[in-house]
S.K.: 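Next up is a structure, given as structure tokens.
Because the structure is a prediction, the values reported are computed rather than measured. Residue numbers begin at 1 in each chain, while the letters A, B, ... track the order of the sequences.
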Amino acid sequence: MAAGKEIRTKIASVKNTQKITKAMEMVAASKMRKAQERMRMARPYADKIRNVIAHLGAANPEYKHPYLVARAEVKRVGLVIISTDRGLCGGLNSNLYREVLGRMKDWDDAGVGIDLSIIGNKAVAYFRRLGANIVAQTTHIGDAPGLDTLIGAIKVMLDAYLAEDIDEVHLVSNQFVNSMTQRSTVEQLIPVQSLGDEDLKHYWDYIYEPDAREVLDQLLRRYVESLIYQAVVENIACEQAARMVAMKSASDNAGTLIEELQLIYNKARQAAITQEISEIVGGAAAV
Amino acid sequence: MATIQVDIVSAEQEIFSGEAEMVFAPAVLGEVGIAPGHTPLVTALAPGEVRVQQKNGEEAGFYVSGGMLEVQPEVVTVLSDTAMRAEDLDEAAVLKAKEEAEQQLHDRDAQIEYATALAQNAEAVAQLQAIRRMRQRNGRG
């Protein structure tokens with residue numbers, strides 16, 4: 001029964017792995033719900049700020065903020081790439097890399113330089129290996145990052161844009177469609193493309209303190225920050241959803257593996273018993 | 001008495017939403033009190049307390065570390081910052097993000113081998129898809 005013992009050990013080890021993947025699946029499911037909740041909570045801020053900016057823009061057509069003006073020639077672009085801190089989340093990051101590499105290649109072919117600001121461990125490791133020009137990074141953002149952890153990576157890009165080192169900023173992240181589907185997207189962040197179709201039939205002529213420029217400047221900066229914050233929170237929801245699905249299929253696979261091994265084990269045991277019986281019968285007949 | 005709708009939101013969550021008789025906020029040029037029918041106003045906020053006098057006479061206070069205040073005749077919106085925001089603090093965050101990126105970065109100007117990278121990626125994705133298909137064929141997962 002040497003083979004039998006080996007199979008038993010193997011079954012036990014697969015069972016242990018299955019326990020781990022099951023636990024990870026359940027943890028991911030509960031974290032996903034929390035992340036979705038945070039996604040929902042972050043929405044009013046962006047809506048309100050967009051509304052105010054739309055009013056301001058309509059009331060002050062003569063002042064064009066740099067964030068709102070597209071530049072004639074794009075020589076260098078900045079990408080804010082949002083990835084996960086940890087692996088074991090299916091093809092989430094690979095799909096994102098594929099999407100962004102395609103776009104990066106297009107820019108590269110057109111002679112446009114690329115600067116990266118990366119949020120999340122995984123993309124940092126990946127793009128560093130590729131030798132991309134990473135100008136800023138933020139890692140270990142955890143499950144519930146505050147806006148303050150992201151400010152550094154965002155401001156690097158905003159400053160570079162204002163200094164005209166880069167002419168466009170794009171945001172690369174995953175969109176949460178549902179728990180089975182996540183979509184990789186590359187969106188233009190600055191110049192801000194559209195502020196939605198707000199109903200602006202009548203707008204307020206505000207009093208500004210200290211002055212309109214200052215106010216618009218602060219609002220736009222916060223708007224961009226809130227967009228990135230939202231994308232980060234959404235990406236975390238995607239990560240947990242992808243991990244949940246990946247771990248579920250891993251658990252299922254472990255289950256099948258155990259069944260198969262069990263069958264082999266039973267057969268081996270049966271064969272051994274049959275052999276023993278026939279040996280005994282053979283021995284008895286010989287006496 | 002007339003009331004005014006007050007919404008206090010931060011980037012991370014909605015903090016308060018309700019009717020009020022009066023709102024006090026720490027604007028950068030001095031504290032402002034907003035009564036219903038106030039003229040439209042947009043101002044930056046200094047760190048301090050936003051106080052909301054509710055209809056039942058109770059007063060609710062919310063600490064903001066800065067942000068923006070938008071006033072329309074019937075709606076007051078406080079876009080609050082949750083984090084401490086100051087130019088030098090932001091600058092420190094920028095430096096940290098840059099430093100992290102510069103660590104262990106050997107060849108910054110190296111050309112990306114897009115072809116290789118894309119091929120590697122396509123391979124990884126194809127593997128995943130193959131696994132998925134295989135699982136579907138086996139009628140499970």
S.K.: Nearest 0.5 angstrom please: A:Tyr45 OH to B:Ile15 CD1, how far?
M.R.: 10.0 Å
S.K.: Given heavy-atom pairs under 4.5 angstrom as the criterion, report whether the side chain, backbone, both or neither of B:Ser80 touches chain A.
M.R.: backbone
S.K.: Report which part of B:Val42 has an atom under 4.5 Å of a heavy atom belonging to chain A: side chain, backbone, both, or neither.
M.R.: both
S.K.: Report the option among B:Ala27, B:Ala11, B:Ala44 that has the most heavy-atom pairs separated by less than 4.5 Å from atoms of chain A.
M.R.: B:Ala11
S.K.: As an exercise, state the distance from CG of A:Leu219 to CD of B:Glu70, rounded to the nearest 0.5 Å.
M.R.: 8.5 Å
S.K.: Taking all non-hydrogen atoms of both residues into account, name the closest pair between B:Glu12 and A:Leu147 and its distance.
M.R.: OE2-N, 2.7 Å
S.K.: What's the separation between atom CD in A:Gln218 and atom CG in B:Leu79, rounded to the nearest 0.5 Å?
M.R.: 11.0 Å
S.K.: Between A:Ile49 and B:Met68, is the side-chain contact (heavy atoms from CB on, under 4.5 Å) condition met? List the steps.
M.R.: CA-CA 9 Å; A:Ile49 216 164; B:Met68 305 293 294; 5.9 Å; no
S.K.: Are more than 12 heavy atoms, taken from residues, nucleotides or ligands other than B:Glu19, located less than 6.0 Å from that residue's CD atom?
M.R.: yes
S.K.: Go through A:Ser94, A:Ser226, A:Ser117 and name the one with the most non-hydrogen pairs under 4.5 angstrom from chain B.
M.R.: A:Ser94
S.K.: So which part of A:Tyr97 gets closer than 4.5 Å to some heavy atom of chain B, the side chain, the backbone, both or neither?
M.R.: both
S.K.: Atom CG in B:Asp7, atom CG in A:Asp47: separation rounded to 0.5 Å?
M.R.: 11.5 Å
S.K.: Quick check on A:Ile154 against chain B: is it the side chain, the backbone, both or neither that has a heavy atom closer than 4.5 Å?
M.R.: neither
S.K.: Output the distance between atom CD1 (A:Ile207) and atom NE2 (B:His38), rounded to the nearest 0.5 Å.
M.R.: 6.5 Å
S.K.: For chain B, find which of A:Met41, A:Glu209, A:Arg129 contributes the most heavy-atom pairs closer than 4.5 angstrom.
M.R.: A:Glu209
S.K.: If you look at every heavy atom in A:Pro210 and B:Leu29, which pair is closest and at what distance?
M.R.: CA-CD1, 4.4 Å
S.K.: Tell me, please, which residues at least two apart from A:His65 pass ring-ring contact (aromatic ring centres under 6.0 Å, His included).
M.R.: A:Tyr67
S.K.: Using a cut-off of under 4.5 Å for heavy-atom pairs, which of B:Val32, B:Thr43, B:Thr39, B:Val28 has the most such pairs with chain A?
M.R.: B:Thr43
